[in-house]
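Convention: sequence-line order gives letters A, B, ...; per-chain numbering from 1. Predicted, not measured: the structure shown is a model, and the values here were computed from it.
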Amino acid sequence: MIHLPRGTQDLLPGTTEKWQHVEAKFIELCRNFNYQEIRTPIFEHTELFQRGVGDTTDIVQKEMYTFQDRGDRTLTLRPEGTASVVRSFVQNKLFGQANQPQKLFYIGPMFRYERPQQGRWRQFVQFGIEALGSADPAIDAEVISLAMEIYKQLGLRSLKLVINTLGDQTSRENHRNALVEHFEPHKEELCSDCQVRLAQNPLRVLDCKKDREHPAMKTAPSILSYLTEEADAYFTKVKAFLDIMDISYHVDPNLVRGLDYYNHTAFEIMSDAEGFGAITTLAGGGRYNGLVEELGGPETPGIGFALSVERLLMALEAENIELPIDDALDSYVIAMGEKAELKTAELVNQLRQAGIQVDKDYQGKKFKAQFKAADRLKAKFVLILGENELAENKIEIKNMQTGEQVSISLPDIVSYLTEQIKKGGQ
RNA sequence: GCGGUCGUGGCGAAGUGGUUAACGCACCGGAUUGUGGUUCCGGCAUUCGUGGGUUCAAUCCCCACCGGUCGCCCCA
């Protein structure tokens, strides 16, 4: 037997309804916040991610699905959404549109070659938004509030919003130098990973789990003390907007994002729920002024976030939250005898054209078994058509909740059912 | 990519180097002819992730691979 590839999953009936529900929620919220959908290709030129996400990141160095096509182009299945959206923004000259900032959302599969485990797949679905063309701290808060609102409206309670600022170019350089200076004397005492980090990305040393207890960690310089006046003022305003929106947060100066393009505001939403294992991050995002330029566009500030739909559903499960999904069927038709079966095909067709959900048996089941099937499908009404009914041009209708059964003239069935379903729906 | 652990029917889960691989749920059929969700009876794995090897004999022993899961790395 051929199995699905490692790290991918089949979403089957029973689960897809949940996906549809949360996807509908995303779209509804984006409508409220006035974000519009953008759809970009699932693969792009590899160079886009090398330049956009960053050559030194883990994503680019060891996690991309890269391949040559038959025309010798080097292509990559997208590992994240922002680079593509920005590419499209630049290519389609969306910076020239009348309404700025451009507020966009996307939803779709992303691909990363990693060792799979609970909460981590090689193909996973991200929902994300990007606001391009505004350096107003209010929009940072808007992006964060949209992210939080999704979880809130779906009923999640155990959430933690962590924010930080990575500062601007100058802040980062000063901080970086301070970090290197601070840790260099202790280099030999740090773990091997940190020794590499110190050279490549000293920021990452800060959230090392092995060296957490090292005395130098406690006294390490914080980005917050190296912010330029502008960067500090910006962060203060973002926090003020969050306060005014009554969004609680925790400032973690060690919060680092794994993608190179971030600066200023960075944030993560995590779950506190039991049984979440090593994966606790539900969503991550931040500001990326400079990315549009990097990808060949005009100087344009940007901010966005992305969440994993899989992890969102895991969080719902961890908190035992049932989504309000209506999987009941309006009606089910049971036929007895050959003539009745022929008539049933016509009837089912009529009902469907009238917008009534209906199904019937296609397995030659006995009367009783057809009833069982109707019950399992949670049919609200069962229509029974046999020789007797046919002879009188009538049909029996049983309300499965109340058990009541009435006899209706066949020509009246559509109007009768339509009315009953309307009533029963309340 | 590294380390640990696990892999028996649709699901959950016993089990043993050797004639018929427990059990529960689900499913299918029946309990006098056309009425479900309860009960009772019956049925339902030539087969124990895949491929090799050891053995007279392996689902149970060994190896490899595949896959899940946990931790690390990193992230969504």
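Looking only at side-chain heavy atoms (C-beta outward), A:F127 and A:F305 come within less than 4.5 Å of each other.
The distance from atom CG of A:L4 to atom C1' of B:rG67 is 9 Å, rounded to the nearest whole Å. Nucleotide B:rG1 holds its P atom 13 Å from the CZ atom of A:R120, rounded to whole Å. Between the P atom of B:rC66 and the CZ atom of A:R122 lies a distance of 10 Å, rounded to the nearest Å. When the P atom of B:rG67 is taken as reference, atom CD of A:Q9 falls 15 Å away, rounded to whole Å.
For A:K343, the side chain to side chain donor-acceptor pair (under 3.5 Å) criterion is met by A:E346, not counting sequence neighbours. For A:D55, the salt bridge (Lys or Arg N to Asp or Glu O under 4.0 Å) criterion is met by no residue, not counting sequence neighbours. By the ring pair (Phe, Tyr, Trp, His ring centres under 6.0 Å) test, A:F43 is found to be paired with no residue, residues two or more places apart in sequence or in another chain being considered. Contacts of A:Q405 classified as side chain to side chain donor-acceptor pair (under 3.5 Å), with partners at least two apart in sequence or in another chain: A:E396. Among residues two or more places apart in sequence or in another chain, the side chain to side chain donor-acceptor pair (under 3.5 Å) test is passed with A:T15 by none. By the side chain to side chain donor-acceptor pair (under 3.5 Å) test, A:S88 pairs with A:N92, sequence neighbours left out. With sequence neighbours excluded, no residue satisfies ring pair (Phe, Tyr, Trp, His ring centres under 6.0 Å) with A:H21.
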Checklist line | Reading 5' to 3' through nucleotides 2-13 of chain B, protein heavy-atom contacts under 4.0 Å coded B for base, S for sugar-phosphate only, - for none | finding: BB----------
Note to self: Does the protein touch nucleotides 30-44 of chain B at the base, only the backbone, or not at all? Give it as B, S and - per nucleotide, heavy atoms under 4.0 Å.
What the structure shows: S---BBBB-------
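Projected onto RNA chain B by closest heavy-atom contact, A:Q126 and A:P5 fall at different nucleotides, the more 5' of which corresponds to A:P5.
Applying the salt bridge (Lys or Arg N to Asp or Glu O under 4.0 Å) test to every pair with at least one member in residues 81-90 of chain A, sequence neighbours left out, gives these pairs: A:E44-A:R87. Sorted by first and then second residue, the salt bridge (Lys or Arg N to Asp or Glu O under 4.0 Å) pairs involving residues 355-372 of chain A (not counting sequence neighbours) are A:R352-A:D359.
Across all strands shown, A:G7 has heavy atoms under 4.0 Å from sugar-phosphate atoms exclusively, and none from any base. A:A374 comes within 4.0 angstrom of no nucleic acid atom, judged by non-hydrogen atoms across all strands.
Put simply, A:R6 has a side-chain N or O that comes within less than 4.0 Å of OP1 or OP2 on B:rG68.
Judged by the 6.0 Å and 45° rule, A:R122 forms a cation-pi pair with A:Y113.
Put simply, the side chain of A:E114 and the base of B:rA76 share a donor and an acceptor less than 3.5 Å apart.
Stem analysis of RNA chain B (Watson-Crick or G-U pairs, both distances under 3.5 Å, runs of at least three) returns B:1-7 with B:66-72, B:10-12 with B:23-25, B:27-31 with B:39-43, B:49-53 with B:61-65.
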